[in-house]
Amino acid sequence: MRVNKSLIPTLKEEPSDAEVTSHKLMIRAGLIRQLSAGIYTFLPFGWRAMLKAINIIRQEMNAIGGQELLMPSLNPTELWHETGRDQDMKDILFSIKDRDFLLAPTHEEIISDIARREIRSFRELPQIWYQIQTKFRYEPRPRFGLLRCREFIMKDSYTLCATQEQLDKLYNLHEYAYRRIFTRCGLKYIVVGASSGMMGGSGSQEFMVPSEAGEDRTAFCEKCGYAANTEIAQGILEPFEPAEITGKKKVYTPNLRTVEEVSEFLKIPRAQMLKSLLYVAEKDDSPVMILIRGDQQLNEEKLVQYLKSPIRPAHPEEVQQWLGAPAGFIGPVNAPDNIKILADKSYPVNVPFATGANEKDYHIMGYTLSETKVDDTGDFRIINEGEKCVECGNPLKVRVTIEIGHIFKLGTKYSESMGALFQDSEGTQKPIIMGSYGIGVGRILSSAIELYADDSGIVWPITIAPFEVIITALDITNDKIKEVAEKLYNKLLSEGVDVLLDDRDERAGVKFKDADLWGIPIRITVGKLTAEGKVEVVLRRDTANRMAVDIEMAVAKVKELRLMLYNEIESSAKKLKEKTYQKSRFALIYHRNDC
RNA sequence: CGGGGCGUGGCGCAGUUUGGUAGCGCACAUGGUUUGGGACCAUGGGGUCGGAGGUUCAAAUCCUCUCGCCCCGACCA
């Protein structure tokens, strides 16, 4: 490809509506253009990078026995009604006005429909079906370029199995394929335990790239490899030193509502307060009180998981009505029976606590959890950096991360509701056991840019770079330079190298700046050294190190560097083995350096 | 959905408080001088100020409604 007359528009200035590095650079380097919130055009450069990533994905999916297919984006709403997700996912669905169709945000329904039509026997199982296709989700708040879009390209695959063992096997194969994919894309990532959320099912893991541009928080242990999304992560709290409380008493605490205020007033540690929070489980509008150690925070996601229902904080009027006191003065003691009381395990059962008295301006102290009505105890707490790892006791770290892939064991949720059955060896009809697995292709590009970009622009891993090599021909009006550049360009092309020729009649500075911005891994500069029979070869990641190479040797040199760059990445991928992570369910996999 | 900000040539912005009929930088075109890290000079083209309605002799500027984009939060396979 030649730069002259090509659509690769670069910008000197940062676009005003971009916030994070990858978004700014994708626009400045001419990879994408926005059409609407969360909806982007891929310009030639951006699309080339996407295709590189897609190619890798395709190779690895095929390698584990995946069969590529393509399902329609236009789905009859009726199919979605069968699983109830036309309602459950209503908020993110794009529906077609006046036609009973929707734009698919995922394809479990369609897969199940194909399965129930085509699969009859256990002999036809297991299956891995995948596609790489555009998804539509009405994200309430698209942001950060390709990191959260309303229309985006996803690789989604689905496994259909006859037994749990088969599911485990195919799930593990996906985990392996994903690690190879992300490693081959040059990413640094961690595999973490995750919440199954709306998808349902028995287990899931996310593939996370540590980056400040992310929207998730991941807790991980550098010693044993434990890693989990903070939505589900557990940790061990340091015990606190309780103050002595003699007897049970009610104390007058006028206008003191917060844990800080009350603990100070009562002269007890914050941790000794029993924080009581009233929520409403929205599936049946029932009130739930959560008890948590005063210095800790409720993790709403964990509560949602436990209740298997969306939740909301109770309105102030509801608190008053159900407990007879305003928020700030509520507690489990003497709470009405219809309120479900859940205690976070962070508070020790035999240490007397202070909490609201369910009476305005009063708190009570001296009760212990063992003598309080508690319906259940569980983990409902947000963990904090520095807490001890539940597996090895090492202090945990918490990092912001980008989710680039997610794998789920779905079970039979969809096959049951849609009647996707098979006959087992004994002749009985059973629902197919399913799994589903997603990769956000655009997020691979964003993550790579976030990881490696420098002040001058993008630094692509060679495997997903739009081009492997750029020839910067300075002063293209000089016949000798033009001749050498063209010769090298054609030679590299004929050798199968993915090369871009900057043949514009621009000044040197413009071309260098653009080359840096584009981030193509290897650059050949054809300029004044041509008179001495040489060209200059540099790596984008190390532009200070310039190599003067004889023109005749240039192609060989470039191929050598190219091979080296590929080897750096591919050798990491070769080291990956299926289930090397057996010891722990979670593994830290870093492609290059430590994060 | 709650809170905040912003919509002015292709891009980045000023002008809005105190209404008087649109300006700067970059980009673009032409000519010239330059030519290894986003050149310089000259000339020139392009916008009616997100949209609709209103107030006024007069609206980018004031009022009402509306659309869009961005940020924080909520939400999120």
Side-chain angles (χ1 to χ4, degrees), chain A residues 9-20 23-24 27-28 30 33-39 83 85 88-93 104-109 111 135-145 147-150 152 154-158 194-201 204-206 214-216 229 231 282 300-301 304 310-313 403 405-410 413-414 434-440 456-457 472-478 481 502 504-517 523 525-531 535-536 538 543-544 546 548:
Chain A
T10 57
L11 301 174
K12 280 191 198 173
E13 297 187 76
E14 289 192 343
S16 64
D17 53 2
E19 192 74 7
V20 300
H23 188 195
K24 287 176 186 166
I27 290 174
R28 283 193 55 210
R33 285 293 182 266
Q34 183 178 48
L35 182 63
S36 177
I39 303 177
T83 58
R85 288 209 297 182
D88 292 349
M89 295 181 82
K90 197 170 69 189
D91 290 347
I92 66 157
L93 285 177
T106 175
H107 277 80
E108 282 79 10
E109 277 77 1
I111 284 287
K135 295 283 182 280
F136 301 86
R137 294 182 188 179
Y138 189 81
E139 292 291 346
R141 197 178 152 205
R143 66 189 120 176
F144 302 158
L147 284 176
R148 181 161 295 275
C149 289
R150 288 182 170 161
F152 60 99
M154 176 184 237
K155 188 289 300 179
D156 47 324
S157 49
Y158 306 86
S195 147
S196 319
M198 289 276 304
M199 298 296 294
S204 82
Q205 282 166 291
E206 289 167 327
E215 298 185 280
D216 288 280
N229 195 307
E231 288 173 350
E282 291 188 300
E300 294 192 353
E301 179 64 26
V304 168
I311 55 168
R312 62 170 171 83
E403 178 190 347
H406 201 160
I407 57 181
F408 295 88
K409 292 183 181 178
L410 289 177
K413 173 175 171 178
Y414 300 94
M434 295 174 57
S436 99
Y437 315 83
I439 290 177
S456 303
T472 303
L474 302 182
D475 193 7
I476 199 77
T477 58
N478 176 314
I481 287 174
D502 191 346
R504 293 174 296 175
D505 183 13
E506 288 285 354
R507 293 168 61 85
V510 173
K511 294 189 178 189
F512 287 139
K513 290 288 183 188
D514 278 345
D516 288 348
L517 187 58
R523 186 180 86 206
T525 306
V526 183
K528 62 187 178 191
L529 267 53
T530 314
V535 292
E536 189 178 273
V538 297
T543 42
R546 302 176 181 185

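Here is the naming used below: chain letters follow the sequence lines, and residue numbers restart at 1 for every chain.
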- request: Rounded to whole angstrom, note down the C1' distance from B:A42 over to B:A60.
  value: 32 Å

query: Considering only the P atoms, how many Å lie between B:U56 and B:U16, rounded to the nearest integer?
result: 24 Å

- line: Taken to the nearest whole Å, CZ/A:R150 to P/B:C69 is 7 Å

message: List the residues meeting side-chain contact (heavy atoms from CB on, under 4.5 Å) with A:E19, not counting sequence neighbours, and say none if there are none.
response: A:F144

- prompt: Within this structure, what is the CD-to-P distance between A:E139 and B:C76, rounded to whole angstrom?
  reply: 10 Å

- request: Can you tell me, in whole Å, how much space there is between the P of B:A58 and that of B:G20?
  value: 14 Å

message: Can you check the distance between B:C62 and B:G15, where both ends of the measurement are the C1' atom (answer in whole Å)?
response: 16 Å

- prompt: Does any donor-acceptor pair link the side chain of A:R143 with the base of B:C71 at a separation under 3.5 Å?
  reply: no

field: Residues in salt bridge (Lys or Arg N to Asp or Glu O under 4.0 Å) contact with A:R148, at least two apart in sequence or another chain
entry: A:E139, A:E215

query: Does B:C65 pair with anything, Watson-Crick or G-U wobble, both distances under 3.5 Å, and if so, with which nucleotide?
result: B:G51

Same-atom distance (C1') from B:G10 to B:U17, integer angstrom: 31 Å

message: Starting the side chain at C-beta, find the nucleotide from B:G36, B:A39, B:C72 nearest to A:F144.
response: B:C72

field: With sequence neighbours excluded, residues passing salt bridge (Lys or Arg N to Asp or Glu O under 4.0 Å) with A:D156
entry: A:K135

List every contact pair, protein side and nucleotides 43-46 of chain B side both N or O, where the distance is under 3.5 Å.
none

field: Derivation and outcome, side chain to side chain contact (heavy atoms under 4.5 Å, CB included), residues A:N229 and A:E403
entry: CA-CA 10 Å; A:N229 195 307; A:E403 178 190 347; 5.9 Å; no

statement: Sorted by chain and residue number, the side chain to side chain donor-acceptor pair (under 3.5 Å) partners of A:E506 (sequence neighbours excluded) come out as none

- prompt: Quick one: does A:R141 reach the base of B:G3 with a side-chain donor-acceptor pair under 3.5 Å?
  reply: no

query: A:D91 has an atom CG; how far is it from atom P of B:C75, in whole Å?
result: 12 Å

Can you pull every protein N or O that's under 3.5 Å from an N or O on nucleotides 31-35 of chain B?
unit_1: B:U34; atom_1: O2; unit_2: A:R507; atom_2: NH1; d: 2.6

- prompt: How many Å lie between CZ on A:R148 and C1' on B:A74, as a whole number?
  reply: 13 Å

query: When you match A:R28 and A:D216 each to their closest nucleotide on RNA chain B, which lands nearer the 5' end?
result: A:R28

query: Quick one: what's the B/S/- string for nucleotides 6-13 of chain B, heavy-atom cutoff under 4.0 Å, read 5' to 3'?
result: -----BSS

- request: Determine the contact category for A:E215: base if any of its heavy atoms lies under 4.0 Å from a base atom, sugar-phosphate if only primed atoms, P, OP1 or OP2 are that close, otherwise nothing.
  value: nothing

task: Determine the Euclidean distance between corresponding P atoms of B:U55 and B:C11; express it in Å to zero decimal places.
output: 34 Å

message: According to salt bridge (Lys or Arg N to Asp or Glu O under 4.0 Å), who are the partners of A:R504, at least two apart in sequence or on a separate chain?
response: A:D502, A:D514

- request: Both distances under 3.5 Å, Watson-Crick or G-U wobble: report the partner of B:C1, or none.
  value: B:G73

field: Residue-phosphate contact under 4.0 Å: A:Q34 side-chain N/O, B:C70 OP1/OP2
entry: yes

task: Please state the P separation for the pair B:G23 and B:U48 - nearest whole angstrom.
output: 13 Å

task: Using whole Å, report how far OH of A:Y138 lies from C1' of B:C75.
output: 12 Å

- request: Tell me, please, which residues at least two apart from A:L11 pass side-chain contact (heavy atoms from CB on, under 4.5 Å).
  value: A:I27, A:R28, A:R33

message: Counting the atoms with a prime plus P, OP1 and OP2 as sugar-phosphate, which does A:R523 contact under 4.0 Å by heavy atoms, base, sugar-phosphate, or nothing?
response: base

message: My understanding is that only residues two or more places apart in sequence, or in another chain, count here; which of them pass side-chain contact (heavy atoms from CB on, under 4.5 Å) with A:P140?
response: none

task: Return the value, rounded to whole Å, for the distance between atom NZ of A:K511 and atom C1' of B:G38.
output: 13 Å

Qualifying residues under side chain to side chain donor-acceptor pair (under 3.5 Å), relative to A:Q34, sequence neighbours excluded: none

- request: Considering only atom P, compute the distance from B:G19 to B:C63 and round it to an integer number of Å.
  value: 12 Å

message: The criterion is side-chain contact (heavy atoms from CB on, under 4.5 Å); which residues satisfy it with A:D516, sequence neighbours excluded?
response: A:S456, A:R523, A:R540, A:T543

- request: Would you kindly give the CG-to-P distance between A:L517 and B:G37, to the nearest whole Å?
  value: 18 Å

